[in-house]
Amino acid sequence: KGRLTATSVAAGPAFEGARIINGMRGTTGAVEKAVVNEGDIQFNVIGNTKPAGICGSGLIDIMAELLRLGVVDSTGRIQAPEELKDVPGKIRSRVEKQNGQYSFLLVNGKESATGKPIYLYQKDVRELQLANGAIRAGINILLKMAGLKASDLGSVLLAGAFGNFIRRNNARRIGMLPPIPCEKIRFMGNTALFGAKMVLLSMAEEEYAARITKATKHVDLSLDPAFQEEFSAAMLFPEGE
């Protein structure tokens, strides 16, 4: 109805590969895509070289696939092999116990660029839950403020380089994006750079940008009493697709 509402969330650096034990930014050697095929998990690596770590889009894919398989439950716990009776044997054999917690082997040392195995650790899952939960809580609060359900959304626009590389169905599976049809989720590219160029080249666009700024209502989530409750609920992964 012509209203503009904006907020920001402290999602942390997990989606940039930081605070993930084998995390890295999206450059040569980063696992950027994961799929389950023929009973095992397979990866795409940037630069078509040996994998050295996991970047943000790869982390989302891996988590989505492990949730679908049941290797990770809705609370974010990596389950023990004996709990995974319906999981393919190759996948189950990747679950290893280390220091009292289970980890998921992605790449063995012989196949990695560093000569060391690449794991998804339980700690990594928790870091992802924190980042994911913050984003989801922000979305849920804005929807409630507008009196809308996710199904009412006409579209979700994803900006930035990272937004261009995530798989929409996997972002939905981990709960980062609302449960809406994938065709409603659109990639917009580097909108900040494009907008800066427009403002530099046109006084009319600069004035338009200023009007948008004044018309937009900013919601400070740190002052919203519902945020902690929403954040706690959003830490759980969605059940099923």
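The shown structure was predicted, so the numbers you read here are calculated from the model rather than taken from an experiment.
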Ignoring hydrogens and geometry, is there a side-chain-to-backbone donor-acceptor pair from [X] to [Y] under 3.5 Å?
| X | Y | result |
| --- | --- | --- |
| Asn132 | Ile174 | yes |
| Gln122 | Ile78 | yes |
| Ser57 | Glu32 | yes |
| Thr114 | Lys116 | yes |
| Ser202 | Met198 | no |
| Arg168 | Ile185 | yes |
| Arg172 | Ile180 | yes |

Using the rule that Ile, Leu, Val, Met, Phe, Trp and Tyr join whenever any side-chain heavy atoms are under 4.5 Å apart, tell me whether [X] and [Y] fall into a single cluster.
| X | Y | answer |
| --- | --- | --- |
| Leu177 | Leu142 | yes |
| Leu59 | Ile135 | yes |
| Tyr102 | Met63 | yes |
| Phe187 | Phe194 | no |
| Leu66 | Val36 | yes |

Check: [Y] and [X] side chains under 4.5 Å, non-hydrogen atoms:
| X | Y | result |
| --- | --- | --- |
| Gln98 | Tyr121 | yes |
| Leu143 | Leu153 | yes |
| Lys123 | Gln101 | no |
| Met24 | Ile54 | no |

Show me, pair by pair, the donor-acceptor contacts under 3.5 angstrom made by side chains of residues 2-23, not counting sequence neighbours?
{"unit_1": "Thr7", "atom_1": "OG1", "unit_2": "Val219", "atom_2": "O", "d": "2.7"}
{"unit_1": "Arg19", "atom_1": "NH2", "unit_2": "Glu127", "atom_2": "OE2", "d": "3.4"}
{"unit_1": "Asn22", "atom_1": "ND2", "unit_2": "Tyr119", "atom_2": "O", "d": "3.2"}

Provide the closest heavy-atom pair for [X] versus [Y] in the form atom of the first, atom of the second, distance.
| X | Y | result |
| --- | --- | --- |
| Ala209 | Val199 | CB-CG2, 4.2 Å |
| Ala64 | Asn170 | CB-OD1, 3.5 Å |
| Gly53 | Ile118 | N-CD1, 3.8 Å |

Subject >> Set of salt bridge (charged side-chain N to carboxylate O under 4.0 Å, His left out) partners for Arg94, sequence neighbours left out >> reply: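 Once residues adjacent in sequence are excluded, the partners of Arg94 under the salt bridge (charged side-chain N to carboxylate O under 4.0 Å, His left out) criterion are Asp40.
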
**OP:** Apply ring pair (Phe, Tyr, Trp, His ring centres under 6.0 Å) to Phe104 and list each qualifying residue two or more places apart in sequence or on a separate chain.
**Re:**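 So Phe104 forms no ring pair (Phe, Tyr, Trp, His ring centres under 6.0 Å) with any residue.
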
Subject >> Donor on one side chain, acceptor on other, Ser103 and Glu96, under 3.5 Å >> reply: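 There is no such pair (donor and acceptor under 3.5 Å, judged by atom type) between the side chains of Ser103 and Glu96.
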
**OP:** Using the side chain to side chain contact (heavy atoms under 4.5 Å, CB included) rule, take Asp61 and Arg167 through it: C-alpha gap first, then chi angles, then the decisive distance, then the call.
**Re:** CA-CA 7 Å; Asp61 282 1; Arg167 256 62 64 183; 2.7 Å; yes

Original post:
Passes side chain to side chain contact (heavy atoms under 4.5 Å, CB included), Tyr208 versus Thr213? Steps please.
Top reply: CA-CA 9 Å; Tyr208 177 55; Thr213 302; over 6 Å; no

**OP:** Give the intermediate values and the outcome of side chain to side chain contact (heavy atoms under 4.5 Å, CB included) for residues Thr27 and Ile46.
**Re:** CA-CA 6 Å; Thr27 188; Ile46 297 175; 5.8 Å; no

**OP:** Identify whether the distance between the nearest side-chain nitrogen and carboxylate oxygen of Glu205 and Lys197 falls below 4.0 Å.
**Re:** no

Subject >> Salt-bridge criterion met for Glu38 and Lys90 (N-O under 4.0 Å) >> reply: no

Original post:
Looking at CG of Leu106 and CD of Glu111, how far apart are the two atoms once the value is rounded to the nearest 0.5 Å?
Top reply: 11.5 Å

**OP:** Would you give the length of the straight line joining atom CG of Leu221 to atom CD of Gln228, rounded to the nearest 0.5 angstrom?
**Re:**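 Going from CG on Leu221 over to CD on Gln228, the span is 10.5 Å.
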
Subject >> Verdict with supporting geometry, Arg77 and Glu83, salt bridge (charged side-chain N to carboxylate O under 4.0 Å, His left out) >> reply: CA-CA 12 Å; Arg77 182 176 67 93; Glu83 298 177 273; 3.0 Å; yes

Subject >> Intermediate values then yes/no, side chain to side chain contact (heavy atoms under 4.5 Å, CB included), Arg173 and Leu67 >> reply: CA-CA 8 Å; Arg173 179 62 189 87; Leu67 285 167; 3.7 Å; yes

